[in-house]
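Structure first, then comments.
So you know, we letter chains A, B, ... as the sequences are listed, proteins then strands, and number each from 1. When reading the values below, keep in mind they use all heavy atoms of this one structure, side chains included, and skip hydrogens, waters and symmetry mates.
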Amino acid sequence: MNAFSLGREATPAELQAWNIDVRPDFKGLPPGSGTVERGNTIWDSTCASCHGTFGESNEVFTPIVGGTTDEDIKTGHVASLLSPAQPVRTTFMKVDTISTMWDFIYRAMPWNKPKSLKPDDVYAVLAYLLNLAEIVPEDYTLSDKNIAEVQARMPNRNGMVFWKGMWDVNGKPDTHNTACMKDCMPDVKVASSLPAYARNSNGDLATQMRIVGPVRGADTLKPAPT
Amino acid sequence: MNAFSLGREATPAELQAWNIDVRPDFKGLPPGSGTVERGNTIWDSTCASCHGTFGESNEVFTPIVGGTTDEDIKTGHVASLLSPAQPVRTTFMKVDTISTMWDFIYRAMPWNKPKSLKPDDVYAVLAYLLNLAEIVPEDYTLSDKNIAEVQARMPNRNGMVFWKGMWDVNGKPDTHNTACMKDCMPDVKVASSLPAYARNSNGDLATQMRIVGPVRGADTLKPAPT
Amino acid sequence: AATPAAGAAAQAAQGDPMILQPRPWSTMLGHPVAFHPYGVPSKYEANLQRRQSPGLTQTAQASVAFAPLQGFFGIITPNGLHFERHHQGWVDIDPDQHRFMINGMVKEPKVYTMDDLMRMPSVSRIHFIECGANTGMEWGNAAVPTVQYTHGMLSCCEYTGVPLKVLLDDCGADLKNGKYVLAEGNDGSSTTRTISMEAALDDVMVAWAMNGEMLRPENGYPLRLVVPGVQGVSWVKWLRRIKVGDQPWNAMNETSAYVDLMPDGMLRQYTSIQECKSVITSPSGGQMLMGKGYYNVSGLAWSGRGKIKQVDVSFDGGRNWRTARLETPILDKCLTRFNIDWVWDGSPAILQSRAMDSTGFVQPRYGQLHAVRGTRSTYHNNAIQSWQVADTGEVFNVHVE
Amino acid sequence: AATPAAGAAAQAAQGDPMILQPRPWSTMLGHPVAFHPYGVPSKYEANLQRRQSPGLTQTAQASVAFAPLQGFFGIITPNGLHFERHHQGWVDIDPDQHRFMINGMVKEPKVYTMDDLMRMPSVSRIHFIECGANTGMEWGNAAVPTVQYTHGMLSCCEYTGVPLKVLLDDCGADLKNGKYVLAEGNDGSSTTRTISMEAALDDVMVAWAMNGEMLRPENGYPLRLVVPGVQGVSWVKWLRRIKVGDQPWNAMNETSAYVDLMPDGMLRQYTSIQECKSVITSPSGGQMLMGKGYYNVSGLAWSGRGKIKQVDVSFDGGRNWRTARLETPILDKCLTRFNIDWVWDGSPAILQSRAMDSTGFVQPRYGQLHAVRGTRSTYHNNAIQSWQVADTGEVFNVHVE
Ligand code: HEC
Ligand code: HEC
Ligand SMILES: [Ca+2]
Ligand SMILES: [Ca+2]
Ligand SMILES: [Ca+2]
Ligand SMILES: [Ca+2]
Ligand SMILES: [Ca+2]
Ligand SMILES: [Ca+2]
Ligand SMILES: [Co+2]
Ligand SMILES: [Co+2]
């Protein structure tokens with residue numbers, strides 16, 4: 001320890017300033033509280049411009065709330081994740097731990113002024129989002145005391161698996177191709193081709209390739225030659 | 001041959017245009033001739049601005065002519081190369097083959113308008129330089145016919161050795177240090193130190209080093225701290 | 001005298017004006033040295049740029065700029081063309097003001113300056129970095145036209161930094177109970193990711209340099225984590241803190257993003273390793289071959305689990321395969337460049353590459369990946385890429401199951 | 001209430017304002033992706049530039065810009081900081097107008113376009129390039145203050161190109177009588193150098209790429225010769241022609257320059273191989289150590305004859321030596337980065353590094369080099385470099401015999 005005499009001990013104030021991470025077991029969660037109502041005020045003034053008034057939708061960002069049901073709150077597994085009809089995957093459809101949201105909003109939101117919220121603001125705005133997601137009632141006050149209750153109602157709390165196969169460098173893969181060299185497939189089927197409209201969807205490809213070499217960029221302002 | 005069907009045969013005109021190299025055995029030397037007198041005219045108009053009127057010296061470039069003697073012309077080895085008193089090493093002190101100069105002037109000079117000289121111009125200007133170097137008389141006409149005679153008078157024609165040791169990747173080195181690890185020298189003598197004036201000769205070193213890291217650049221606008 | 005047209009024809013017969021008429025650059029005095037104290041590419045290379053994929057993200061700060069793999073050579077990514085992926089935009093940190101903290105399950109929580117860190121014993125190693133979302137737009141079907149957009153969240157640099165293990169030792173980390181470390185950034189997002197202690201003690205680096213110079217601001221100047229073999233989001237940029245703990249943190253980028261949606265509706269978390277993958281970069285989508293004949297088909301292969309052992313290439317959509325030449329060096333968790341001869345006879349063809357790594361794992365076909373993980377996933381698509389060459393010479397992105 | 005000064009003191013006791021007061025970059029939204037479609041270094045890195053050495057050359061076009069080795073990491077040289085050495089300035093050639101010819105002792109003299117060459121089977125390899133005149137100012141005595149000027153005509157890149165052997169075969173070169181090849185440039189100087197056929201058939205490349213992108217104009221865009229292990233002047237830039245012959249050409253740069261003046265007045269010609277050499281880059285001349293204590297001493301070693309086998313470092317001017325750690329990869333005719341621990345006790349010291357290559361050759365001391373080659377030579381100075389650390393922490397260039 002301290003083999004190099006480089007660096008120095010962190011002070012308590014420094015630790016307090018930077019040690020902001022909150023874990024699923026709520027280690028790191030600062031005390032405090034906030035009501036849905038106050039959260040609504042913060043949301044409308046500070047978040048809605050990007051995320052929409054009800055956090056459900058707007059033209060720009062993937063919604064935070066939506067796609068979960070009372071049934072999900074019981075099972076802890078969001079059923080709409082199975083449905084190709086579900087248009088988007090909202091935050092509440094996926095996130096399994098409420099700590100994640102507290103931690104993230106505190107460190108990163110509002111996006112254009114991160115780290116400007118006080119802990120009480122985070123409790124409030126999170127209470128508001130939880131109410132929108134129908135996880136807590138309208139008159140709820142979220143706090144460090146009752147957050148574990150909320151956790152027990154997170155719609156996708158049972159929807160995650162820690163996948164060791166791709167966590168460990170020596171983990172077990174789930175696909176099993178072989179290095180076949182000859183006559184490997186009876187016949188080759190093209191399952192999907194670039195749609196014609198997508199040929200020029202990323203701009204004129206002639207201007208995205210080198211002007212010398214083995215190839216040129218296709219002039220995608222014109223239809224493909226035949 | 002032509003395994004790839006890439007590229008194509010060079011035409012005679014193309015070979016003529018680019019195959020300009022001249023070897024010591026005069027392979028590649030185009031026919032032509034030029035007098036010292038005509039060379040003098042070309043030199044004064046086209047070369048002197050950089051190399052000086054007599055090719056011997058000016059303020060900018062290392063002289064082409066100088067440092068050679070009649071004795072050198074006899075021995076073919078420039079004696080002044082041995083003398084620390086000789087201020088500079090001119091081209092004629094070093095170059096052993098006249099072909100080298102013909103080849104170089106034709107391809108690269110005048111510096112600001114290379115490849116603008118015709119073969120006859122090169123013969124002429126080279127005749128002028130040879131006269132300055134006292135290798136040919138004032139009334140000399142240099143040509144592809146008599147250039148071999150000139151070669152026989154090049155002052156340093158015997159002054160070169162083709163050094164195999166550093167030509168072949170497996171050549172024999174001429175220094176022989178060993179990987180001694182302990183008590184390798186009785187005492188360490190500093191043979192030479194950076195002169196004090198040179199500490200700032202390349203500019204303020206504080207502005208030439210990174211602003212973070214294990215070190216900083218020395219502030220060489222001030223004297224070295226003691 | 002001949003007419004101008006006849007003159008041009010006669011000259012054509014004589015040879016190429018590019019040879020017969022001296023070019024300006026061989027008859028002039030060029031530019032001085034240090035004309036550019038820090039040099040830039042030739043103006044003729046301007047087509048090779050980092051680019052966004054229109055419509056992919058809703059903002060340009062929580063977004064991606066793809067690297068133009070179609071124009072790369074060898075394995076080193078030039079720093080100016082390294083792919084970009086930010087969560088809250090990139091920042092240009094004053095390195096003198098930057099601090100790095102280690103806390104959590106350590107005997108002594110510590111603060112280091114860049115001066116401190118850069119005095120420590122450093123290592124230099126070449127590794128690939130690939131975003132977990134690379135090839136994500138392609139999970140379901142062929143969606144984007146060129147390899148820049150299908151595979152361009154991939155780069156490879158020589159990194160220099162201090163092994164994280166050295167720093168953990170310096171703080172007296174509790175290696176018995178501390179099974180995870182958290183890495184945190186110093187940008188607006190202060191992105192966090194959980195790293196396995198196994199990796200932290202193996203080859204993770206706290207790095208300040210890429211390809212011989214300091215990190216670029218877009219890539220985390222002055223400090224980033226390098227987590228070889230693991231998806232890019234874990235290579236936390238503008239790194240300000242490492243915390244040792246006994247549980248994973250379940251950060252937003254471990255729950256809402258970078259999770260793999262399986263056909264049964266479960267989300268796989270902590271799918272960090274970038275499994276063995278390869279792609280042909282030349283010829284590739286959106287390019288036109290310059291006629292029939294010989295081509296050197298070239299591409300990249302990599303694995304987050306070790307070295308590349310073999311790359312095979314098919315020209316008939318996966319029916320038959322030939323083994324490609326591998327360029328050296330072949331390094332751990334590093335890009336490997338492969339090349340293979342091909343004579344194009346002018347008829348349609350489907351080109352594929354298939355990499356095998358030092359564990360014996362073989363890159364899957366789309367059919368194999370879809371069979372296990374379905375078609376609605378976003379991350380970790382390492383399926384074999386197919387490029388269909390039309391008889392016109394144009395190359396198209398297609399999927400073969 | 002406390003006075004402002006007392007407030008500052010209280011705060012200092014609490015901790016570092018760099019941590020206690022949120023920095024702008026962690027409380028703002030950063031720049032968008034592709035803000036720089038081709039990126040540049042941080043503004044805080046501006047001190048690291050290519051620089052001329054005042055008074056060394058009479059013009060800036062027949063001159064040198066030295067690479068800032070004091071700021072480099074690992075072995076890869078960022079292209080923007082590659083050293084420059086031109087004879088008649090650098091030119092920006094239109095690659096579409098560039099032609100490459102092979103003639104001389106070949107069955108069929110041929111002309112290739114860049115399109116032709118870039119279709120051919122290519123290889124990618126990492127090699128160092130060192131100017132034969134590197135460290136030339138130091139032959140007689142310590143002359144320049146920093147490693148940028150003593151050793152900065154040194155760089156290392158991953159090159160991609162077609163092996164010259166492939167092209168010689170393609171033209172039916174006469175390998176029985178053709179013992180030499182001439183390489184010629186397409187700039188104003190059209191520089192020529194004679195290359196041995198042995199090298200031409202071994203590892204010489206006709207290269208178009210460096211570090212993943214096309215060559216920079218300063219380094220020969222669009223085509224240069226890569227002659228691994230051989231001095232830079234032979235790596236002809238803006239390459240337009242290769243000619244096969246049975247005699248060396250004795251070009252100007254083989255007679256007037258790049259010849260080694262020996263004590264007997266003879267000039268050694270064709271001294272091409274860059275023999276085994278090394279230098280400590282950190283700490284190095286003109287730098288100030290930041291106080292006593294631990295330092296990671298770091299440097300570069302290379303050999304034109306093979307791989308680096310061992311690097312030893314002395315802290316007492318060459319009396320005693322310790323073996324340094326070598327970073328991987330360790331490649332043929334390539335830079336190798338070495339690192340070694342050092343605890344500076346604050347007293348004067350002389351730092352040296354000494355490399356040994358795979359042939360067993362050991363880099364010479366100045367005394368040994370002077371004993372054979374005298375003090376009036378210009379090229380191929382591969383002597384052991386000494387850096388003297390004063391008790392002030394300032395590092396000075398000195399020579400130890
Ligand atoms: C200026 C725009 C903006 C504002 C204002 C803003 N956000 Fe965001 N928010 C974003 C963007 C963009 C993201 C996605 C960031 C990323 O990709 O990492 C995001 C992500 C989030 C997420 C995570 C979503 C997910 O599934 O990853 C939450 C939760 C969130 N914001 C909450 C808030 C709250 C609460 C506020 C106000 C206190 C707020 N945001 C204000 C733009 C904004
Ligand atoms: C605008 C300046 C300029 C002009 C005009 C010029 N030269 Fe040069 N010359 C140079 C420079 C600079 C060099 C060194 C080039 C190098 O380092 O490769 C040189 C080199 C030479 C050399 C080789 C010297 C050596 O030892 O390497 C010869 C011979 C020469 N010039 C002859 C000529 C002749 C003949 C002309 C006129 C026809 C001419 N020069 C016109 C600048 C000039
Ligand atoms: Ca709304
Ligand atoms: Ca004069
Ligand atoms: Ca400082
Ligand atoms: Ca979880
Ligand atoms: Ca063309
Ligand atoms: Ca000779
Ligand atoms: Co499928
Ligand atoms: Co001496």
Checking heavy atoms, do the side chain of [X], its backbone, both or neither come under 4.5 Å from chain B?
X        : value
D/Tyr44  : both
D/Glu45  : side chain
D/Leu168 : neither
D/Glu198 : side chain
D/Gln61  : both
D/Arg365 : both
D/Thr359 : neither
D/His87  : backbone
D/Asp202 : neither
D/Ala371 : neither
D/Asp312 : side chain
D/Ile195 : backbone
D/Tyr180 : side chain
D/Thr392 : side chain

Among [options], single out the residue with the greatest number of heavy-atom pairs under 4.5 Å to chain D.
options                                : result
B/Ala198, B/Gly159, B/Gly165           : B/Gly159
B/Ala206, B/Gly213, B/Gly171, B/Pro186 : B/Gly171
B/Gly203, B/Ser83, B/Ser80             : B/Ser83
B/Lys27, B/His176, B/Lys94             : B/Lys94

Is there a side-chain contact between [X] and [Y] (heavy atoms, below 4.5 Å)?
X        : Y        : answer
B/Val188 : D/Ile350 : yes
B/Phe104 : D/Asn253 : no
B/Thr178 : D/Val362 : no
B/Arg210 : D/Gln70  : no
B/Arg199 : D/Glu394 : yes
B/Arg89  : D/Val259 : no
D/Ser282 : B/Pro214 : yes

Review point. Do you know which of B/Asp103, B/Ile105, B/Thr100 makes side chain to side chain contact (heavy atoms under 4.5 Å, CB included) with D/Met252?
Key: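 Option passing the side chain to side chain contact (heavy atoms under 4.5 Å, CB included) with D/Met252: B/Thr100.
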Please classify the contact between [X] and chain D as side chain, backbone, both or neither, with a heavy-atom cut-off of under 4.5 Å.
X        : answer
B/Ala79  : neither
B/His77  : side chain
B/Asp219 : neither
B/Lys115 : side chain
B/Asn200 : neither

Could you tell me the separation between the [atom1] atom of [X] and the [atom2] atom of [Y], rounded to the nearest 0.5 Å?
X        : Y        : atom1 : atom2 : value
B/Thr97  : D/Asn250 : OG1   : CG    : 3.5 Å
D/Asn382 : B/Asn177 : CG    : CG    : 10.0 Å
D/Thr59  : B/Trp111 : OG1   : CH2   : 3.0 Å
D/Met288 : B/Arg216 : CE    : CZ    : 11.0 Å

Review point. Do other residues, nucleotides or ligands put more than 12 heavy atoms under 6.0 Å from the CD atom of D/Gln368?
Key: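 Atom CD in D/Gln368 is crowded, with more than 12 foreign heavy atoms closer than 6.0 Å.
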Check your understanding: Which of parallel (below 30°), tilted (30 to 60°) and perpendicular (above 60°) describes D/Tyr270 and B/Trp167?
Key ->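 Judged by the thresholds at 30° and 60°, the geometry between D/Tyr270 and B/Trp167 is perpendicular.
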Review point. Going by distance alone, is a donor N or O of one side chain under 3.5 Å from an acceptor N or O of the other, for D/Asp260 and B/Trp163?
Key: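 Distance-only check fails for D/Asp260 and B/Trp163.
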Check your understanding: For D/Arg99 and B/Glu14, what are the C-alpha separation, side-chain angles and deciding distance, and is it a salt bridge (charged side-chain N to carboxylate O under 4.0 Å, His left out)?
Key -> CA-CA 11 Å; D/Arg99 299 293 179 270; B/Glu14 288 170 339; over 6 Å; no
Check your understanding: Does D/Arg354 use its side chain to pair, donor to acceptor, with the backbone of B/Cys180 at less than 3.5 Å?
Key ->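 Flag set: sc D/Arg354 to bb B/Cys180 pair under 3.5 Å.
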Review point. Could you walk me through whether B/Asp174 and D/Arg268 pass the salt bridge (charged side-chain N to carboxylate O under 4.0 Å, His left out) check?
Key: CA-CA 12 Å; B/Asp174 58 355; D/Arg268 284 187 183 168; 2.6 Å; yes
